[in-house]
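Notes for the one structure printed next.
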Protein chains: 2
Amino acid sequence: MNRSILNKCVLFEGLSEGSLEYALDFFNAQEKQYKKGWQLHHEGDVMRNFGLVLSGQIQVFMDDFDGNRMIMANVTPGTTFAESLCYLKRISPVNIEAVLDSTVLVMNTDRLNSPSASPSQMDLQLAGRFTAMLAGRALSMNDRIQILSKQSIREKVITLLSQHSSRESKGLVRLPFSREAMARYLGVNQSALSRELSNMAKDGIIEFKGSSFHIL
Amino acid sequence: MNRSILNKCVLFEGLSEGSLEYALDFFNAQEKQYKKGWQLHHEGDVMRNFGLVLSGQIQVFMDDFDGNRMIMANVTPGTTFAESLCYLKRISPVNIEAVLDSTVLVMNTDRLNSPSASPSQMDLQLAGRFTAMLAGRALSMNDRIQILSKQSIREKVITLLSQHSSRESKGLVRLPFSREAMARYLGVNQSALSRELSNMAKDGIIEFKGSSFHIL
DNA sequence: GGTTTTTCGTTGCATTTGCAATGTATAATC
DNA sequence: GATTATACATTGCAAATGCAACGAAAAACC
């Protein structure tokens, strides 16, 4: 199993070999393979597991009455899905499917939901890590909501860039998005995004090349 | 202190008198008063506390460079704010202010972040409740993102209504929003929302009166 | 190195939505 | 009951954006 992928996830980041083994057991981790197109979970079923993508790509989506697929998340290696629904043992409103041949670490929260009477230090630490994962997710969802709430593409772009610009790298931002993915994240049309980026450059607000942006 | 308000929050819901006392101590709860306009927290400071609004109204917001106030949340009695930032001990990007004279239960997560070596059953239960609160928040943020991602007002309205329509009350939805609040939640202009609601009624998709909707 | 595929930018056009001004109904206050 | 305030609806107009078709550049493949 790929250690460098596991290290990207708060649940397992920086654990020693022995602790990692313990952690995997704690979450009942099982490595599973899914062929492209296979469905991991169906809407209406209780969400009993959550997952960490090791390779490939997993899609969380809903089909509304018109048959339009609404993509909730495209999950790539190193990131997790369905933790909240799993922890709350909710009936799931979403479907989950492999969009590429994928390997997934399938886990559950049984030992969090029914903790042992006297949990070990490690158990407590893992519970804390799970909570931290949820908290971190809430923050990133907040960032997204902030962007989606802006009315103009220009405002969305500026907000996105300022979210990704650190104190050090003054005004220099490299986004982890293709243009298409960036447009989807902002909730706008790809052509319209390209147009607006050009306009912003023309107006002297930004410079950019590919996914590297410079705020002026 | 108002029990019925506390009961609205997962942290304290359904606790016996003694357990409640314990829970309040566990989170270091302190009841504080804030006059309208007072600022509870400033951007850039570490978020050391989270809060439960007992009365009044609290606003979480950011001021972007142009001086526009971007409202992240309007927090009303029975609901909490800043839990994620507090748990992760992050430097806060947001300001928090009382928009009305308010009473707030100010708490912290110290005993979650550094759990005792052998926590009691109650400690474990409270930690679980905190996690459940974060998970629940993630789900509701997900609902919001789903709505904000739709391009048209009509789609947003339909999505909102279907999120609030239960299996029983076939097509009948009473929203907990004024029209103005509904528009803000959908991220659209209030007039445009009214226009589109009228159009949808004209097209025979819905009927409505005030905040009561009937999906046809 | 050439071909194919993918990604991104450009542009014309139709539509939607924001905006602002104003109208109307309902509730609150005196 | 009259007055004021608040919430919601209506509408004309301008601007922004979605959409679609196409072109160019870059990347991937053989």
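Keep in mind the model is a prediction, meaning the values are calculated, not measured. Here is how names work: the chains are called A, B, and so on, in the same order as the sequence lines, proteins then strands, and each is numbered from 1.
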Round to a whole Å and report the spacing from CD1 of A:Ile153 to C1' of C:dT17. 13 Å

Can you give me the closest heavy-atom contact between A:Asn108 and A:Cys86, atom names plus distance? CA-SG, 4.3 Å

Let's go through A:Glu155 and A:Ser152 carefully: what are the C-alpha distance in whole Å and the side-chain angles of both, what is the deciding distance for side chain to side chain donor-acceptor pair (under 3.5 Å) to 0.1 Å, and is it a yes or a no? CA-CA 5 Å; A:Glu155 283 179 297; A:Ser152 71; 3.2 Å; yes

Go through the steps for B:Glu97 and B:Lys36 under the test salt bridge (charged side-chain N to carboxylate O under 4.0 Å, His left out), then give the verdict. CA-CA 8 Å; B:Glu97 181 180 310; B:Lys36 172 175 174 175; over 6 Å; no

With A:Asn95, which of A:Gln39, A:Gln59, A:His42 fulfils side chain to side chain donor-acceptor pair (under 3.5 Å)? A:Gln39

State, without any angle test, whether B:Ser16 and B:Ser19 hold a side-chain donor-acceptor pair at a distance under 3.5 Å. yes

Within residues 209-216 of chain A, the residues having a heavy atom closer than 4.0 Å to DNA chain C are none

Atom CG of B:Leu175 to atom C1' of D:dC8: distance rounded to whole Å? 15 Å

What's the verdict on salt bridge (charged side-chain N to carboxylate O under 4.0 Å, His left out) for A:Glu196 and A:Lys202, showing C-alpha distance, side-chain angles and the deciding distance? CA-CA 10 Å; A:Glu196 188 57 25; A:Lys202 201 181 304 171; over 6 Å; no

Please report, rounded to the nearest Å, how far the P atom of D:dG18 is from the CD atom of A:Glu196. 10 Å

Which residue, A:Phe208 or B:Arg154, contacts DNA chain C at a nucleotide closer to its 5' end, judged by nearest heavy atom? A:Phe208

Could you check how far CE of B:Met200 sits from P of C:dT17, rounded to whole Å? 11 Å

For nucleotides 12-14 of chain D, which of its nitrogen or oxygen atoms have a protein nitrogen or oxygen under 3.5 Å away, and what is each distance?
| unit_1 | atom_1 | unit_2 | atom_2 | d |
| --- | --- | --- | --- | --- |
| D:dG12 | O6 | B:Arg195 | NH1 | 3.2 |

Answer with base, sugar-phosphate or nothing: what part of the nucleic acid does A:Ser194 contact at a heavy-atom distance below 4.0 Å? base

Separation of atom CZ in B:Phe177 from atom P in D:dC8, rounded to whole Å: 13 Å

Walk me through it: do A:Val106 and A:Phe50 pass the test side chain to side chain contact (heavy atoms under 4.5 Å, CB included)? CA-CA 6 Å; A:Val106 175; A:Phe50 69 103; over 6 Å; no

A:Arg137 vs A:Glu83, test: salt bridge (charged side-chain N to carboxylate O under 4.0 Å, His left out). Steps then yes/no. CA-CA 10 Å; A:Arg137 166 144 315 207; A:Glu83 324 90 37; 3.5 Å; yes

Minimum-distance pair of heavy atoms, taken over all atoms of A:Met200 and A:Arg154: CG-NE, 3.6 Å

Kindly state which residues belonging to residues 184-192 of chain B come within less than 4.0 angstrom of DNA chain D, counting heavy atoms of the residue only, listed by number. B:Gln190, B:Ser191

What is the separation between atom CG on B:Leu193 and atom C1' on C:dT17, rounded to the nearest whole Å? 12 Å

Is the B:Phe208 ring parallel, tilted or perpendicular to the B:Phe213 ring (thresholds 30°, 60°)? parallel

Where A:Met107 and A:Gly51 come nearest, the two heavy atoms and their spacing: CE-C, 4.4 Å

Integer-rounded Å distance: D:dA16 P and B:Gln151 CD: 19 Å

Rounding to an integer number of Å, can you tell me how far A:Ile206 CD1 sits from C:dG9 P? 10 Å

